[in-house]
Colleague: 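Shown below is the structure under consideration.
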Amino acid sequence: MNLFASAIDWILDPANYVGLNAIPLRIGQHLVFSLVTLVFASAIAIPLGYLIGHTGRGRGLAVTTSGGLRAIPTLGLLTLVALWVGIGVVAPYVALTVLAIPPILAGAYTGFEAIDRRTIDAARAVGMSELQIVRKVELPLGLPLLIGGLRSATLQVIATATLAAYVADLGLGRYLFSGLKTRDYAEMLGGSILVILLALALEGIFALIQRFVVPRGVSGRLGTAPKLRTGGPAAAR
Amino acid sequence: MIEFRSVSKRFPDGTLAVEDFSLVLPSHKTTVLVGSSGSGKTTLLRMINRMVDPTSGSVEIDGEDIATLPPVKLRRGIGYVMQNSGLLPHRTVLDNVATVPLLRGTPKRQARADALAMLDTVGLDRALADRYPSQLSGGQQQRVGVARGLAVNPNILLMDEPFGAVDPIVRAELQQELVRLQKELDKTVVFVTHDIEEAFLLGDQIVILRDGGRIAQVGSPAELLANPADDFVASFVGADRGRRALHVERHGNEDVVVDSDGRLAGVLKPESAR
Ligand SMILES: Nc1ncnc2c1ncn2[C@@H]1O[C@H](COP(=O)(O)OP(=O)(O)OP(=O)(O)O)[C@@H](O)[C@H]1O
Ligand SMILES: [Mg+2]
């Protein structure tokens with residue numbers, strides 16, 4: 001309890017709000033770093049996931065590769081890339097992008113796969129081109145699962161981005177590594193608490209987003225065909 | 001006019017769904033394909049809008065081999081009503097009906113106005129226009145499906161067991177509605193069902209199918225009842241039993257008609273009484 005109180009004191013200490021090690025600056029770095037990582041990972045994983053989901057091909061390969069990527073210890077990969085390209089921000093970007101790809105990829109293709117095949121067949125039968133099927137049917141109906149994938153990727157990246165400080169002067173992880181070195185446990189714990197708060201805040205934001213991207217008319221049940229319901233509760237409008 | 005010329009379809013897994021099928025479907029008439037489950041009805045229907053391409057043989061519309069037409073364009077010109085309505089769950093009733101006109105480049109306002117008018121045509125309350133498919137009953141969904149099929153004013157309307165999933169009362173209602181619509185709109189309709197009563201009610205030409213899309217007999221309802229080609233057709237159309245196998249009994253001065261179960265079907269009136 002004593003340690004916890006001193007960690008709170010550390011967070012509130014005005015001395016920690018000035019200079020190059022200021023808390024807001026570190027939070028900003030942490031967020032920007034995570035965001036850029038997620039954008040990289042999305043740029044790779046979303047188109048690939050959509051391709052797999054739409055064509056139904058390459059799923060086995062995607063599952064195996066994702067499993068392989070997940071199994072790579074991020075700290076090990078980070079060290080490896082850092083040894084290769086040197087100390088700096090490149091290594092953490094690479095390592096964390098690799099970490100973020102599997103959940104986003106899975107979100108993208110499971111989002112497409114969860115859609116009732118008959119809905120897609122009907123869209124094709126009335127004369128939608130393949131691109132129109134993706135844009136007008138699969139994308140909106142698959143969005144909730146994609147956001148779910150982005151959500152878990154974001155949590156993992158925010159938490160693991162502390163490792164970036166291992167090889168670069170970057171993010172909230174600095175407090176953990178420097179606290180560890182100087183045995184300043186208040187600083188370490190304070191830094192951890194900040195990471196946790198950041199993760200919780202983003203989690204809340206995603207929970208909100210996820211409620212809004214469920215297409216109207218689907219009323220929370222993902223990709224199900226219209227049920228023959230009589231007098232059920234009207235879908236949220 | 002739609003013409004099948006020696007069409008066969010073998011699916012990649014080896015199933016021979018249709019074998020050497022040839023048939024002419026006259027314009028402005030309703031042709032009903034009827035047969036038991038797995039006899040190839042859906043496969044035949046989907047060859048008309050190229051959702052299935054034949055393995056051999058050809059399908060022609062007004063003398064043009066459709067294999068030479070781009071499938072997307074072809075499909076936008078053909079109405080298709082599916083068994084499960086096939087509506088897009090994330091679009092309102094109105095947007096579902098307007099889907100194909102919008103794909104064809106009709107201006108949005110126009111498409112929506114037309115779609116509203118189409119709801120009237122199929123007997124749907126305009127108040128349902130902003131609902132989502134999941135908020136409709138099965139019968140209402142089927143009507144929306146029909147409205148969507150008619151929205152581009154196609155010459156050809158394909159209907160695959162469109163009333164299969166609704167209860168008998170709604171079903172009868174929808175059938176009557178279709179009879180009325182067809183009088184009004186005069187489309188070339190291809191209708192799939194395994195209900196012979198429905199086939200008799202709606203069809204000008206009825207095609208009775210055996211397995212593998214082999215034709216057992218083609219004809220008008222009267223021809224099929226009067227001259228079934230074989231026992232298979234006779235038992236399919238029920239010419240040999242129940243309320244289709246009628247005979248006359250004399251009661252006093254009147255001739256009454258009785259079915260094979262002995263139930264009274266009606267009174268026989270002389271031609272002059274019509
Ligand atoms: N995509 C496919 N791949 C392999 N076989 C198929 C495919 N589609 C249909 N078949 C097979 O082709 C045959 C005819 O199928 P089809 O769907 O045309 O029958 P149907 O007459 O419409 O039956 P139902 O009344 O049950 O709808 C069946 O044996 C079916 O299993
Ligand atoms: Mg069928």
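So you know, we letter chains A, B, ... as the sequences are listed, proteins then strands, and number each from 1.
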Colleague: Is B/Asp114 atom CG crowded by more than 12 heavy atoms from other residues, nucleotides or ligands, each under 6.0 Å away?
Modeller: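 Atom CG in B/Asp114 is crowded, with more than 12 foreign heavy atoms closer than 6.0 Å.
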
Colleague: Surrounding OH of A/Tyr166 (heavy atoms of other residues, nucleotides or ligands, distance under 6.0 Å), is the total greater than 12?
Modeller: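 12 or below, so no.
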
Colleague: Please state whether the side chain, the backbone, both or neither of B/Arg148 comes within less than 4.5 Å of a heavy atom of chain A.
Modeller: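 Contact with chain A: side chain only.
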
Colleague: Mind checking the CG-CD spacing from B/Leu103 to A/Gln132? Nearest 0.5 Å is all I need.
Modeller: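 Reported value, rounded in 0.5 Å steps: 5.0 Å.
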
Colleague: Looking at A/Ala122 and B/Gly86, what are the two nearest heavy atoms and their distance?
Modeller: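 Looking at all heavy atoms of both residues, the shortest contact is CB-O, 3.2 Å.
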
Colleague: Quick check: are there more than 12 heavy atoms from other residues, nucleotides or ligands sitting under 6.0 Å from CZ of A/Arg70?
Modeller: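 Above 12, so yes.
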
Colleague: Just by modelled atom types, is the A/Gly127 backbone N or O under 3.5 Å from a matching donor or acceptor in the B/Arg76 side chain?
Modeller: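 Judged by distance alone, yes, a pair lies under 3.5 Å.
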
Colleague: Testing the basics here: between A/Val137 and B/Leu88, what is the closest heavy-atom pair and its distance to 0.1 Å?
Modeller: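 Taking A/Val137 first and B/Leu88 second, the nearest heavy atoms are CG2-CD2, 4.1 Å.
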
Colleague: Would you confirm whether B/Ser134, through its side chain, and A/Gly217, through its main-chain N or O, come within 3.5 Å as a donor-acceptor pair?
Modeller: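 Pair found, side chain donor or acceptor close to backbone of A/Gly217.
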
Colleague: Would you say CZ of A/Phe40 has more than 12 non-hydrogen atoms from neighbouring residues, nucleotides or ligands within 6.0 angstrom?
Modeller: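 No.
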
Colleague: Can you see which heavy atom on A/Ala125 is nearest to which on B/Met51, and at what distance?
Modeller: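 In terms of heavy atoms, the two residues are closest at CA-SD, 3.6 Å.
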
Colleague: Under 4.5 Å heavy-atom distance to chain B, tell me which part of A/Glu130 shows up: side chain, backbone, both or neither.
Modeller: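 Neither part.
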
Colleague: Within this structure, what is the CZ-CD distance for the pair A/Arg118 and B/Gln83, rounded to the nearest 0.5 Å?
Modeller: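 Reported value, rounded in 0.5 Å steps: 8.5 Å.
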
Colleague: Counting only heavy atoms from other residues, nucleotides and ligands, does the tally under 6.0 Å from CG of A/Leu208 exceed 12?
Modeller: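 Yes.
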
Colleague: Mind checking the OG1-CE spacing from B/Thr99 to A/Met128? Nearest 0.5 Å is all I need.
Modeller: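 Interatomic distance, B/Thr99 OG1 to A/Met128 CE, rounded to 0.5 Å: 5.5 Å.
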
Colleague: Are more than 12 heavy atoms from other residues, nucleotides or ligands located less than 6.0 Å from atom CZ of A/Arg117?
Modeller: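 Enclosed.
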
Colleague: Could you give the distance from CD (B/Gln135) to CZ (A/Arg216), rounded to the nearest 0.5 Å?
Modeller: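 Between B/Gln135 CD and A/Arg216 CZ, I get 10.5 Å after rounding to 0.5 Å.
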
Colleague: Yes or no on salt bridge (Lys or Arg N to Asp or Glu O under 4.0 Å) for A/Asp121 and B/Arg46, after CA distance, side-chain angles and deciding distance?
Modeller: CA-CA 11 Å; A/Asp121 185 81; B/Arg46 285 162 72 88; 2.7 Å; yes

Colleague: Determine the minimum heavy-atom distance between B/Val72 and A/Ser129, stating which atoms define it.
Modeller: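 Distance-wise, the nearest heavy atoms are CG2-CA, 4.0 Å.
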
Colleague: Looking at A/Val214, is its backbone amide N or carbonyl O close enough to the side chain of B/His90 to form a donor-acceptor pair, meaning the two atoms are under 3.5 Å apart?
Modeller: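 No; judged by distance alone, with no hydrogens or angles, the pair does not exist.
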
